[in-house]
There are 2 protein chains.
Amino acid sequence: MVTILQVSRQAGVSTATVSRVINNPEVVGIRTRERVQEVIERLGYRPNLVARDLASRSSRTIGVVINNFSSVYYGLMLEGVELALRKVGYKTIAESSQATSEGERQAWFSLLDRQCDGVVVHSDNLEDDELAVLLDRQPTSVLLNRYLKSHADRCVYLDNVQGGRLAAEYLISKGHRRIATITGPTKFYQTNDRLKGLHQGLAQAGITLDPDLVAEGDFHEAGGETATAHLLDTQKPFTALFCHNDEMAAGAMETCRRRGIRVPEEISILGFDDVNVASHLTPKLTTVRQPLREIGAAAGILAHSLATGEAANSGLQTVFEAEIVERATVMDAAP
Amino acid sequence: MVTILQVSRQAGVSTATVSRVINNPEVVGIRTRERVQEVIERLGYRPNLVARDLASRSSRTIGVVINNFSSVYYGLMLEGVELALRKVGYKTIAESSQATSEGERQAWFSLLDRQCDGVVVHSDNLEDDELAVLLDRQPTSVLLNRYLKSHADRCVYLDNVQGGRLAAEYLISKGHRRIATITGPTKFYQTNDRLKGLHQGLAQAGITLDPDLVAEGDFHEAGGETATAHLLDTQKPFTALFCHNDEMAAGAMETCRRRGIRVPEEISILGFDDVNVASHLTPKLTTVRQPLREIGAAAGILAHSLATGEAANSGLQTVFEAEIVERATVMDAAP
DNA sequence: CTGCCATATGTATTCGGTTACATCAAGGAA
DNA sequence: TTCCTTGATGTAACCGAATACATATGGCAG
């Protein structure tokens, strides 16, 4: 490995000058600068980032904590963070939490140990209190797709209440009045917000949500299947089913198919997220889209500006709205 | 930030001793050890990984270069790497290449600059020659899902020839004889290997592949759609269509649906990969599965053992076999 | 009691950079 | 000519740990 010392010797200057050529070229005389650059080129010198980070007490890197790497939901947000930071010359490094509170803690700290200048945390499992304490201690960490009212300015998220309301309004506009829903785990704040929005939207039309038509799912396909079966078994009639994510909607469609229930003729199904499975289902899933890439990008930029102290975050959008993507699983309710 | 120096002062020992307590507890006297541990606990000390990496000239981490974070294909392999390395106490850090040769180079070097002990590279875009040179220079780097015969022991991959042959054998066993295929871009070695296997498998049954029934796709859904349209337009009859990945199979099914061609009654469709879209399509896609998590895990372990010099890699499986996952898109050909 | 060895701990250097401060030379103003 | 300013470069400390080597302590054999 070639070090800055070797470059400096070859070029007949001090290491300080080489360092300047790399980080602050304009303060170096043009002749020396070119000579040093030539040597760097010739030796194929590349600065050791570890040493640089240590000396400069900054890593020009933002860390990201997500549940896992294998689902598109997290992948898209991570991609959003990475592409946005790339534009401002920052790197991204991600660590997975395995969807446990301990994993979230460990990943977060581990990123900090690596001297990430900021970290973007997607946490489903840590309690509000603990998050608040951690955010207080880590002034450059931000929350991804989670809202903590004590630290609202450190959160970048989808407005889930609005998303739930939108779902209600859309289904109502299609003439549905008996609406069922499959939620995520109730411990997730998303679940409660979407439910709250759903209630609001229904209330506007004078509809109240029948508690028997609310089933708890797990955000996975299997949970969607069993929850749907459960709803169907209650024998309470409903014409539309709002699932809190697309995977569960896929499960719902599967259960309907197995029971010979036609979608959307007999039951309309509405998903949430708009990840790729939505467009692969048959019929294609109508869903509430959340702009995951944009949300990730905003979170990355927020962490970056907190880290660099740039006030550039003023004006940054941190709350995002969901929108309906109409495909083929919702149709007008029979009059 | 609390440093090792502060801990050492509080505990009344030297920094060397604190360092030992952390990395080599058994050589420290039990009384001092406990005292130091108590101080570490009380102060909430966490070793600065950057400093540690610099001093020890190792980072206990393996880097991974992949195209992007948003597709399950890469996500699964990355997950495989991460989980496997976690078990041996190593960390993983990933960087995306944006699917360009320059991006692959940059990501690779950037990981090296961070002193990753090894790196797992998924490269579609670098030429064999350049890869060979880079692998020579980086004795702890390995190739993921790519085969370079000059560095066979540094590659972990699916046997694509076997995969192609398996596809042929399976379709033949279902009575198909007129078989079409949609490949990936021809510059990818996977494409050529799968095609070679397909030829081999067909040849065993005395069948030759009609060049007009080979269309080039792009590994994306859109490419699958247009390639299918193209194949259909040639008017040459075929009863089965082998797509080189699941996304293109999804596109193929879409085109068939639009043209009113029933799958599998009129045309059987076989995919490749077995990522989640496969099970969401209707009917569910029969496909050639590649064990992406396992492949990723093996690559991670290989890089790790090259890095640590452990001979543990002897006996490590580095070539993986594809297998058929039967679902609903392939049926017996009409006699 | 002496000497030797094993164990426990400290000292000081090192990793590869960055950066505050010192130094030096050249040019311009008085 | 002299002094001061400005720009270019060097010197040396420092970032926070790891570790080779030196040293101190205690136990035991002879």
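The figures here come from the full heavy-atom set of this structure, side chains too, leaving out hydrogens, waters and symmetry mates. Throughout, a chain's letter reflects where its sequence line sits, starting with A, and its residues are numbered from 1. Not measured: the values here are computed from a predicted model.
Per the geometry, CG belonging to Leu54(B) stands 17 Å off P belonging to dC14(D), to the nearest Å. Rounded to an integer number of Å, the gap from CG of Leu49(B) to P of dG16(D) is 13 Å. Rounding to whole angstrom units, CD1 of residue Ile30(A) and C1' of dT9(D) are separated by 16 Å. To the nearest angstrom, P of dA20(D) lies 11 Å from CZ of Arg20(B). The interatomic distance linking Glu34(A) (CD) with dA8(D) (P) rounds to 14 Å, in whole Å. Atom CD in Gln115(A) sits about 8 Å away from atom P in dG16(D), given to the nearest Å. Between Arg60(B) atom CZ and dA17(D) atom P the separation is 13 Å, expressed in whole Å. The nearest whole Å value for the distance from the CG atom in Asp113(A) to the P atom in dG16(D) is 13 Å.
Positionally, the nearest nucleotide of DNA chain C for Arg57(B) lies more toward the 5' end than for the other of Arg57(B) and Arg57(A). Comparing Gly29(A) and Thr15(A), the nucleotide of DNA chain D nearest to each residue sits closer to the 5' end for Gly29(A). Comparing Ala55(B) and Glu26(B), the nucleotide of DNA chain C nearest to each residue sits closer to the 5' end for Glu26(B).
Heavy-atom contacts of chain B under 4.0 Å fall on DNA chain C between two terminal nucleotides, which in 5' to 3' order are dA8(C) to dG16(C).
Under 3.5 Å, the side chains of Gln190(B) and Asn160(B) contain no donor-acceptor pair of N or O atoms. A donor and an acceptor atom, one from each side chain of Ser58(A) and Asp117(A), are located under 3.5 Å apart. Ser96(A) and Glu82(B) share a donor-acceptor pair across their side chains, judged by distance under 3.5 Å alone.
With a 4.5 Å cut-off on side-chain heavy atoms, Glu95(A) and Thr92(B) do not count as touching.
Residue Ser14(A) places no side-chain N or O under 4.0 Å from the OP1 or OP2 atom of dT9(D). Side-chain nitrogen and oxygen atoms of Ser19(B) include at least one within less than 4.0 Å of the OP1 or OP2 phosphate oxygen of dA18(D).
Val28(B) comes within contact range of the sugar-phosphate backbone alone, with a heavy-atom separation under 4.0 Å but no base atom that close. No engagement by Val18(B) is indicated, since no non-hydrogen atom pair under 4.0 Å with the nucleic acid exists. Contacts of Asp53(B) with the nucleic acid, taken as non-hydrogen atoms under 4.0 Å apart, are absent. Nucleic acid contact for Val50(A): none, since no nucleic acid atom lies under 4.0 Å from a heavy atom of the residue.
Of the residues listed (Leu111(A), Leu85(A), Val120(A)), the one engaging Val64(A) in a side chain to side chain contact (heavy atoms under 4.5 Å, CB included) is Val120(A), and it is the only one.
Side-chain proximity of Ala51(B) to the nucleotides dA18(D), dG10(D), dG16(D) is greatest for dG16(D). Listed candidates were dA17(D), dC15(D), dT11(D). Nearest to the side chain of Asn48(B) is dA17(D).
In the displayed structure, Glu41(A) atom CD is contacted under 6.0 Å by at most 12 heavy atoms of other residues, nucleotides or ligands. Counting non-hydrogen atoms of neighbouring residues, nucleotides and ligands closer than 6.0 angstrom, the CD atom of Glu102(B) exceeds 12 such neighbours.
Aromatic pair Phe69(B)/Tyr74(A): ring centres not closer than 6.0 Å.
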